[in-house]
Amino acid sequence: MDTRVLIAGAGPTGLTLAIELARRDVAVRIIDKASEYFVGSRGDGMQPRTLEVFEDLGVLDAVLAAGMAPVPMQIHLGGEVVGERMMFDPVEPTPSRPYPTGWFLGQSQTEGILRDRLAEFGVRVELATVLTGFEQDTDGVTATLSTGETVRAEYLVGADGGKSFVRKTLGIAFEGTTDESIRMLLGDVVAEGLDRNYGHWFATPDEPMSGMMFSPLPGTPHFQFGAALGEGETDVETALPAVQARLDALSGGTVKLSGLAWSTVWRPNIRLAARFRDGRVFLAGDAAHVHPPTGGQGLNTGVQDGYNLGWKLADGSPELLDSYEIERRTVAARVLGVSAGLLQKYVDGDEDAHRRGEDTQQLDITYRGGPLSPAGTGELRPGDRAPDAPLVDANGKRVRLFELFRGPHATELIFGDGPGSGYRILPAGSVATGADLVDEGGHAYAAYEATNGRRVLIRPDGYVWSIS
């Protein structure tokens with residue numbers, strides 16, 4: 001084999017998967033057809049669960065430093081500020097949920113951080129390299145590239161977007177709809193005079209729910225903008241003068257636009273691949289599911305596809321590889337329902353269309369009932385996200401459960417006395433000796449519904465594997 005895994009597509013999904021493989025010393029190559037890296041926002045919202053994934057991957061500090069927390073949305077009607085709204089209700093961190101709200105960072109910046117992390121393992125994205133064909137057999141996949149090279153790999157992963165060459169070559173149906181009646185003008189632009197401590201919604205008093213939204217993009221001078229297009233709007237201009245004219249009609253000409261980085265007319269393309277796997281070839285991210293931008297689910301679901309698939313490809317056992325499609329396709333179908341529901345609120349002019357609740361945070365994703373999750377009872381069961389909690393070691397140093405989980409390994413927790421070779425956690429008020437850890441404040445015992453001798457095995461991707 002020339003490499004163990006060949007990944008087509010170097011967006012957040014492919015990069016996450018490549019990091020997961022590289023940090024396990026699995027030979028991986030990641031190619032992308034683009035001749036240069038995309039510069040723009042696209043998916044700029046990261047959900048709480050994705051922040052937890054990024055902590056494990058070792059990129060969270062960089063993401064937090066480069067990004068920003070959600071900001072209030074100022075409502076401009078007829079050129080006057082009439083109020084403000086929050087997309088998220090303020091939520092304080094808890095011991096089990098350290099990142100309770102989302103975070104904003106342009107997709108190109110997120111990709112840059114992930115590429116830097118991947119480079120630490122000696123792997124770099126191969127630009128201007130197109131996958132032009134592939135064939136698979138019982139032992140591997142033979143791929144041909146636009147460079148003239150032929151690559152032999154054990155596995156191929158198509159993370160190559162909604163128009164995926166890999167998916168089309170496999171003949172896998174992309175089930176769903178493209179709604180031509182709903183269209184949005186999207187892009188990134190500099191907006192002089194807009195307060196970057198806020199998002200901004202511009203509309204007219206007679207149609208307050210039909211307007212134009214601007215969200216500041218941290219680390220850049222740009223705002224991401226979006227505007228729903230009317231049924232009669234055809235051949236929509238996306239150049240700067242047209243975007244300026246659209247805003248002027250809503251704002252009274254108080255905001256000057258410049259530096260248009262990119263713009264496009266977007267149509268809701270809500271689709272789910274019939275299968276996420278064909279033999280030694282897998283689909284992940286937009287190649288497997290495409291979402292409307294409402295709810296900020298697309299990038300996040302793709303990142304977690306890569307996070308789920310990485311440790312399974314590294315292991316290579318049939319049981320783990322078979323579980324990928326079952327686990328992730330079920331999640332993708334659910335998340336598509338959330339995104340589509342929020343999109344419909346926009347179309348209906350629902351005043352709650354900008355609100356985000358727990359159903360978008362992806363903290364409640366579970367693999368219960370899946371092939372790796374035996375049946376259980378209680379609030380926490382196999383397949384659920386493993387909660388965080390603070391602990392104290394024998395030297396008085398504070399340690400979080402997430403720190404124990406971090407890295408390319410499964411983690412065994414043993415509460416009190418009982419058999420096992422994992423981390424032994426003693427009840428609050430105990431005195432730690434040796435390698436034992438004490439449950440500070442009783443949070444770990446509560447989150448894991450622990451009694452003396454309970455043993456919990458955590459998967460490498462931070463979900464409960466078994467409880468005994």
Side-chain angles (χ1 to χ4, degrees), residues 1-37 57-59 111-112 114-161 164-170 172 276-288 302-303 305-325 328 407-409 460-461:
M1 297 291 172
D2 299 308
T3 189
R4 180 90 179 276
V5 181
L6 175 64
I7 303 170
T13 301
L15 290 167
T16 297
L17 174 58
I19 293 170
E20 278 289 88
L21 294 167
R23 70 176 180 162
R24 290 175 168 83
D25 296 321
V26 175
V28 58
R29 288 179 63 178
I30 179 168
I31 62 174
D32 198 281
K33 64 182 181 181
S35 59
E36 58 186 25
Y37 298 124
L57 296 183
V59 299
E111 291 176 358
L114 291 172
R115 285 195 301 269
D116 289 345
R117 178 61 171 152
L118 182 60
E120 293 177 14
F121 298 102
V123 180
R124 286 177 167 77
V125 174
E126 301 173 41
L127 290 174
T129 305
V130 182
L131 178 68
T132 58
F134 62 88
E135 295 180 351
Q136 61 174 314
D137 52 49
T138 57
D139 298 319
V141 180
T142 302
T144 56
L145 308 181
S146 60
T147 58
E149 183 183 4
T150 299
V151 178
R152 181 72 174 163
E154 287 189 36
Y155 303 101
L156 169 67
V157 179
D160 50 344
S164 171
F165 171 80
V166 174
R167 186 191 66 245
K168 291 177 180 179
T169 300
L170 292 171
I172 295 176
F276 282 20
R277 181 188 181 189
D278 185 315
R280 290 180 170 271
V281 185
F282 296 80
L283 301 177
D286 286 357
V303 163
D305 286 347
Y307 192 54
N308 181 287
L309 182 58
W311 67 280
K312 297 174 179 180
L313 283 175
D315 182 280
S317 72
E319 179 189 20
L320 293 183
L321 294 177
D322 288 344
S323 73
Y324 169 70
E325 177 180 311
R328 293 307 302 167
H409 57 262
D461 59 352

*Phe276 side, atom CZ; Asp305 side, atom CG - distance, nearest 0.5 Å*: 6.0 Å
*Taking C-beta and beyond as the side chain, do Val125 and Leu15 meet within less than 4.5 Å on heavy atoms?*
yes
_Leu17 and Leu313: CA distance, side-chain angles, deciding distance, side chain to side chain contact (heavy atoms under 4.5 Å, CB included) verdict_ = CA-CA 10 Å; Leu17 174 58; Leu313 283 175; 4.2 Å; yes
*Evaluate the criterion salt bridge (charged side-chain N to carboxylate O under 4.0 Å, His left out) for residue pair Arg23 and Glu20; output intermediate values, then yes/no.*
CA-CA 6 Å; Arg23 70 176 180 162; Glu20 278 289 88; 2.6 Å; yes
*Closest contact, heavy atoms only, Ser35 versus Leu127*: O-CD1, 3.8 Å
_Side chain Thr13, main chain Gly306, donor-acceptor under 3.5 Å_ = no
*Between CZ on residue Phe134 and OG1 on residue Thr142, distance to nearest 0.5 Å*: 11.5 Å
*asked:* I need the minimum non-hydrogen distance between Gly11 and Glu111, along with the two atoms involved.
replied: CA-OE2, 3.6 Å
_Heavy-atom closest pair, residues Ala287 and Gly158_ = CB-O, 3.4 Å
*Looking only at heavy atoms, what is the nearest atom pair of Asp32 and Ala34, with distance?*
OD1-N, 2.9 Å
*Donor-acceptor pair, side chain of Ser146 and main chain of Val130, under 3.5 angstrom*: yes
*Do the side chains of Glu325 and Leu283 get nearer than 4.5 Å, heavy atoms only?*
no
_Gap separating the CZ atom of Arg167 from the CG atom of Asp160, nearest 0.5 angstrom_ = 8.0 Å
*Please confirm whether Arg115 makes a cation-pi placement over Tyr37, using NZ or CZ under 6.0 Å from the six-membered ring centre and within 45° of the ring normal.*
yes
*Measure from the side-chain N and O atoms of Glu154 to the backbone N and O of Gly316, and report whether any donor-acceptor pair falls under 3.5 Å.*
no
_To check you understand the geometry: which heavy-atom pair defines the closest contact between Leu118 and Ala22, and what is its length?_
CD1-CB, 4.1 Å
*Taking atom types as modelled, is there a side-chain donor on Thr129 or Thr147 under 3.5 Å from an acceptor on the other?*
no
*asked:* If you apply the rule salt bridge (charged side-chain N to carboxylate O under 4.0 Å, His left out), what do you find for Arg152 with Asp137, and how did you get there?
replied: CA-CA 11 Å; Arg152 181 72 174 163; Asp137 52 49; 3.0 Å; yes
*Roughly how far, to the nearest 0.5 Å, is the OG1 atom of Thr132 from the CD atom of Glu149?*
11.0 Å
*Would you check if Val281 and Leu170 make a side-chain contact, meaning some heavy-atom pair closer than 4.5 Å?*
yes
*asked:* If we ignore hydrogens and angles and just use 3.5 Å, is the side chain of Arg4 paired with the main-chain N or O of Tyr155 as donor and acceptor?
replied: no
*State the CG-CD1 distance between Leu145 and Ile31, to the nearest 0.5 angstrom.*
5.0 Å
*Work out which heavy atom in Lys312 is nearest to a heavy atom in Leu321; give both atom names and the distance.*
O-CD2, 3.5 Å
_Basic-acidic side-chain contact under 4.0 Å: Asp315, Arg24_ = no
*Looking at CZ of Phe282 and CZ of Arg328, how far apart are the two atoms once the value is rounded to the nearest 0.5 Å?*
14.0 Å
*Is there a side-chain contact between Leu57 and Thr16, using heavy atoms and a 4.5 Å cut-off?*
yes
_Within the 4.5 Å heavy-atom criterion, are Leu156 and Leu131 side-chain neighbours or not?_
yes
